[in-house]
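Ligands are counted one by one from 1 in listed order, and the atoms in each one are counted from 1 as well. Values below: every heavy atom of this structure, side chains too, minus hydrogens, waters and symmetry copies.
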Amino acid sequence: MENFAEDVARLCIEKYNFLKKTGKPNAREWTVLSGIVLKNADCSLSVVALATGTKCLGNSELSKGSQEEKGSRLSDSHAEVLSRRAFIRYLYDQIDLTLNDSGSAIFSRNDKNKIELNSNISFHFFSSQTPCGDCSIFPKLETNGPSPCKIRRVNKDANGHGIVESYYKDVHRTGAKCVKGEEAQDPHLPGADYHIVGPLRTKPGRGDPTSSLSCSDKIAKWLLLGLQGSLLSLLIPPIKLESITIGGNSPFSLDAMERGLYKRFNNKLVRVNIFQAKTVFVHKKGQQRSDPCPISIIWCAVRNRFCIQCIRDSSCRQKARDNKKEKRQ
Ligand SMILES: [Zn+2]
């Protein structure tokens with residue numbers, strides 16, 4: 001299965017590389033790439049949906065303007081969520097092909113004229129990094145020498161003077177905050193006690209808080225109910241993911257993925273294979289790439305295809321620069 005995960009990652013990254021430059025990060029920016037791959041009955045693989053994205057609108061941005069303007073804004077532009085939106089467009093196109101007897105790659109109609117998923121096909125998810133939220137909380141690896149996995153804390157005596165330095169094991173953190181209604185909240189204590197695991201979280205971001213749930217929470221829902229959403233569930237059976245592959249050279253924990261995607265909900269129905277590929281997405285976060293790219297690319301395998309460069313705001317890149325400048329001043 002290792003090779004399979006490698007193939008899924010490579011295909012998604014190759015498809016991204018093949019797309020035009022518009023919407024891709026500049027030299028200082030990073031992004032997340034997600035995609036959905038179809039495994040055909042003959043075992044061949046094809047990318048059917050692909051997206052990049054790092055941004056999410058806050059509550060105040062969503063509530064500005066007329067009713068029509070509010071309804072036409074996209075609140076969640078994380079790559080995982082956009083690739084699922086692209087996949088839904090792919091499903092609509094496949095439904096149309098099925099109803100017109102034009103040969104869908106994934107559906108056929110049964111004796112009762114109902115749409116069925118073809119046998120021996122499956123869908124596989126790729127993301128260049130671990131999803132935000134619960135899946136991203138796990139211990140940092142121990143290393144030899146000065147360890148980045150430990151943080152220093154200066155304890156204080158009864159008079160408030162710093163006296164002792166102690167070391168705590170640290171965890172990878174997520175900027176995603178526990179949903180307010182959750183009983184348990186992050187203690188924000190040093191090291192491993194910074195987070196608790198299990199609660200639903202809203203997407204990370206500074207400033208204006210968002211109501212959008214973290215990608216870990218959303219993917220957990222898709223694993224249980226399918227990717228198709230409630231509207232399409234009237235027409236087609238649930239479309240489940242068979243595997244999830246995370247890109248190479250990025251923090252990853254199988255335990256945290258399993259916990260974040262189904263174990264924390266006591267969900268015994270979900271059967272999904274989780275892998276980390278070695279193949280690396282070149283536009284991922286790194287030393288040279290420290291700014292999140294504010295623009296997204298959305299692509300799907302449909303007829304009359306066009307690649308959508310989803311620009312949240314025509315001046316958003318400039319705005320992001322201005323905000324940064326302001327912060328520095
Ligand atoms: Zn996310």
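Taking 4.0 Å as the cut-off between side-chain N and carboxylate O, Asp186 and Lys177 do not count as a salt-bridged pair. The pair Lys55-Asp76 does not meet the salt-bridge criterion, since no charged nitrogen lies less than 4.0 angstrom from a carboxylate oxygen.
Atoms NZ and CG, from Lys21 and Asn26 in turn, are 9.5 Å apart once rounded to the nearest 0.5 Å. In this structure, Ser83 OG and His78 NE2 are separated by 12.5 Å, a value rounded to the nearest 0.5 Å.
Asn100 and Ser102 are not linked by any side-chain donor-acceptor pair at a separation below 3.5 angstrom, with hydrogens and angles left out of the test.
The Zn ion (ligand 1) has His78 ND1, Cys132 SG, Cys215 SG as its protein N, O or S neighbours under 2.8 Å.
A donor-acceptor pair is defined here as one N or O able to donate and one able to accept, closer than 3.5 Å; such a pair exists between the side chain of Gln228 and the backbone of Ile239.
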